[in-house]
J.: 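This is the structure, below, for whatever I ask next.
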2 protein chains.
Amino acid sequence: MRPTTKDLAQAAGVSLATVDRVLNGRPGVRKKTVDAVNNAIQKIGFERNQVAATLARKRGYRFGFVLPKEGDEFLDEIMERIREIQRAGRAEMMSVKTIRIDEQDPHKAAASLSRLKTEDFDGIAIMAPETPQIRDAILRMRERGILTIPFISNQQNDENDVFVGIDNRAAGATAGRLMGRFVCAQQGVVAVITDTVQARDSLERRLGFDDVINHDFANLRVLPTLETYADPERTQRIIRTIMASQPDLVGIYMMGSEARVPLEMLSQFRTDEDLVTIAHEKTPSTVAALRDRKLDALVAQNPGHLVRSAVRILRAKCENRPTLASQEKTRIEILIADNLY
Amino acid sequence: MRPTTKDLAQAAGVSLATVDRVLNGRPGVRKKTVDAVNNAIQKIGFERNQVAATLARKRGYRFGFVLPKEGDEFLDEIMERIREIQRAGRAEMMSVKTIRIDEQDPHKAAASLSRLKTEDFDGIAIMAPETPQIRDAILRMRERGILTIPFISNQQNDENDVFVGIDNRAAGATAGRLMGRFVCAQQGVVAVITDTVQARDSLERRLGFDDVINHDFANLRVLPTLETYADPERTQRIIRTIMASQPDLVGIYMMGSEARVPLEMLSQFRTDEDLVTIAHEKTPSTVAALRDRKLDALVAQNPGHLVRSAVRILRAKCENRPTLASQEKTRIEILIADNLY
DNA sequence: TTGTAGGCGTTATCAC
DNA sequence: GTGATAACGCCTACAA
């Protein structure tokens with residue numbers, strides 16, 4: 001039988017309460033006693049039973065996801081996965097809530113974060129742009145004792161802490177290599193479209209993309225990034241212009257997470273089967289485009305994985321135990337028509 | 001506060017013990033009482049607390065993985081992931097064991113399965129070739145009351161039951177499309193190498209591969225599958241012959257899960273940068289080959305995911321609750337040099 | 001600084 | 001058939 005806290009208390013010659021204090025790093029125990037307990041842990045090979053520990057805490061774990069108020073299809077997927085885990089989590093004594101913030105207004109957003117109280121949350125996963133106000137708000141949350149982890153959009157990797165999301169530079173590189181391999185032309189020009197290059201994510205993807213193209217595909221020339229500002233009309237204009245002005249166009253890289261609008265516009269123009277198109281994220285639009293051969297490949301991060309990984313990491317932090325590193329590294333998925341599952 | 005069994009007992013006008021009997025489908029309760037409890041469940045929105053339930057069962061969950069005795073690098077990865085979950089599982093009241101069977105000898109293998117007792121296992125994930133003896137042994141295990149699920153190698157999908165592993169036909173199709181897209185030649189010949197075409201997995205991959213090539217890449221001709229029987233010398237001979245006899249060779253598809261030997265042999269010959277090579281499974285050998293540009297792409301199933309998914313499914317079955325379908329579908333991963341993480 | 005006792009929401013073992 | 005009641009292993013008052 002596995003040793004229990006009772007065995008441990010006996011082995012260390014202390015009471016259950018003291019064992020609990022040491023186990024959970026609570027104050028009010030003499031160093032000597034702490035050592036005695038720790039030695040006993042080693043000696044009898046004690047390992048805490050998380051199931052019992054969770055049950056004994058009256059309240060379960062309460063986690064939150066901070067998400068932008070306005071979002072694209074990718075965000076819809078994320079929210080659907082959060083809903084899934086909400087349902088499944090109840091039986092495991094875990095509740096998950098979402099908090100929407102106004103991404104456009106850093107002050108409002110920061111204020112929303114400030115309102116999150118320690119009494120309501122054990123940990124929060126935060127998807128938010130990198131602004132001074134938000135960074136401060138996050139720091140203050142931590143001081144209040146709420147665990148936080150960056151979610152999908154990285155907050156400049158402040159401490160070499162965990163981060164749930166993909167390496168965007170590698171994602172861009174992946175897109176770059178697929179573009180290079182799929183284009184069979186001797187020479188050609190590649191266009192890059194995104195909503196805005198403001199975000200760090202876009203910058204990193206572009207860097208990765210260029211790295212690969214410049215290094216391994218000298219036959220291709222990549223044009224400056226075109227910004228749509230998520231405006232359909234502007235998007236249409238951009239695509240029309242690029243198609244008309246670049247006779248050597250062989251590929252289009254849709255770099256943002258909102259490929260729906262560019263794809264719609266593109267489908268009005270694309271007649272040339274040799275134009276290679278690559279986008280990000282698996283959404284209803286991109287999946288349909290992949291099936292219809294309007295898109296050649298998708299570079300994606302799995303929304304379900306992101307959400308579950310965030311929750312697992314927060315929970316592990318709460319319980320003060322390590323996570324399986326191999327499980328929590330977010331994979332850069334490549335999707336084509338045949339592995340869409 | 002969430003309703004507990006106590007609340008439920010009160011609402012149904014019965015005792016805790018009866019509630020438990022109904023909840024766990026145990027016999028010895030009048031139909032009328034069962035209905036009363038079920039109605040009360042609906043009425044008060046009761047949902048069982050799995051944490052408490054797990055704790056209250058004296059023993060935790062005991063699962064097993066049946067694996068072949070002899071294996072390749074892919075199997076090593078699987079075992080490493082099982083070890084990981086063994087460590088992590090203890091705190092969650094779950095133990096995981098592996099049982100190695102002699103794949104070459106169906107009778108011995110079946111005998112090994114027969115030895116697995118209900119007292120020792122709540123559920124077993126089985127990776128085994130599809131032979132009458134093994135099929136029977138599995139059926140008998142089920143009759144004994146042990147939950148079983150096919151693992152990686154499918155047992156002809158007997159009941160439309162769960163299956164942990166990839167759709168091999170889709171995996172072959174994925175390899176086919178990558179081959180078609182990566183080969184830029186006007187015309188060419190593609191070779192297919194595997195250990196043996198005995199296994200259903202190989203057949204299905206080949207079907208998927210051919211589907212795509214025939215349908216979408218008329219410029220390519222796929223040669224009959226070459227079998228290495230996992231013999232290095234034979235592999236070398238095969239590769240030498242194919243390189244010499246097929247001047248139009250533009251691609252090699254290593255269809256089995258053991259790409260190490262073919263890759264080694266290939267590296268002795270490959271000088272032509274235009275030869276596209278695609279293999280299966282992420283292992284030290286294939287990863288190194290991908291990095292060294294000796295391999296262009298990998299079609300893989302994630303070993304960690306496979307193992308954890310099997311455990312989650314077994315556990316859910318034990319606890320008589322559903323799984324997250326989106327999480328348990330094994331993805332067909334495409335790996336290139338840039339998304340190897 | 002340390003210990004005692006009661007409780008978390010189930011399951012299991014007895015009686016009736 | 002059904003109902004009390006004692007575990008399960010840990011946490012948390014409150015007492016000493």
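The sequence lines fix the lettering, A, B, ..., with proteins before strands; numbering per chain opens at 1.
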J.: How is T5(B) classified with respect to the nucleic acid when contacts are heavy atoms under 4.0 Å: base, sugar-phosphate, or nothing?
T.: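 Base contact.
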J.: Distance check needed: dG9(D) P versus E92(B) CD, whole Å only.
T.: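 Taking atom P of dG9(D) as the reference, CD of E92(B) is at 16 Å.
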J.: Counting only non-hydrogen atoms, which of residues 19-35 of chain A are less than 4.0 Å from DNA chain C?
T.: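 By residue number: R21(A), G28(A), V29(A), R30(A), T33(A).
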J.: Have a look at A17(B) and say if it touches a base, only the backbone sugar-phosphate, or nothing, with a 4.0 Å heavy-atom cut-off.
T.: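 Counting heavy atoms under 4.0 Å across all strands, the contact made by A17(B) includes a base.
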J.: Can you see which heavy atom on P3(B) is nearest to which on I44(B), and at what distance?
T.: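 So the minimum-distance heavy-atom pair works out to CG-O, 3.4 Å.
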J.: Name the one of R315(B), R312(B), K317(B) that satisfies salt bridge (Lys or Arg N to Asp or Glu O under 4.0 Å) with E328(B)?
T.: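 So the option named by the test is R312(B).
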J.: Pick out which of D76(A), I78(A), I82(A), L75(A) makes a side chain to side chain contact (heavy atoms under 4.5 Å, CB included) with P303(A).
T.: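 With P303(A) as partner, side chain to side chain contact (heavy atoms under 4.5 Å, CB included) holds for just one option, I78(A).
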J.: Answer yes when E119(B) and K117(B) have at least one side-chain N-carboxylate O distance shorter than 4.0 Å, and no when they do not.
T.: no
J.: Would you say Q10(A) has more than 12 foreign heavy atoms packed within less than 6.0 Å of its CD?
T.: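 Atom CD in Q10(A) is not packed in, count stays at 12 or less.
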J.: What is the distance, rounded to the nearest whole Å, between atom CG of L16(A) and atom P of dA13(D)?
T.: 16 Å
J.: For residues E84(A) and V307(A), determine if any side-chain heavy atom of one lies less than 4.5 Å from a side-chain heavy atom of the other.
T.: no
J.: Anything under 4.0 Å to a heavy atom of chain B counts; send over the first and last such nucleotide of DNA chain C, read 5' to 3'.
T.: dG9(C) to dA12(C)
J.: Students often get this wrong, so: under 4.0 angstrom with heavy atoms, is V51(B) touching a base, only sugar-phosphate, or nothing?
T.: nothing
J.: Shortest non-hydrogen contact from R144(A) to A137(A)?
T.: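 Where R144(A) meets A137(A) most closely, the heavy atoms are NH2-O, 4.3 Å.
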J.: Please report, rounded to the nearest Å, how far the C1' atom of dG9(D) is from the CZ atom of R59(B).
T.: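 Interatomic distance, CZ of R59(B) to C1' of dG9(D): 17 Å.
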J.: Do L306(B) and I152(B) touch side chain to side chain, with heavy atoms closer than 4.5 Å?
T.: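 They are in side-chain contact.
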J.: May I have the distance from Q10(B) (atom CD) to dA4(D) (atom P), rounded to whole angstrom?
T.: 12 Å
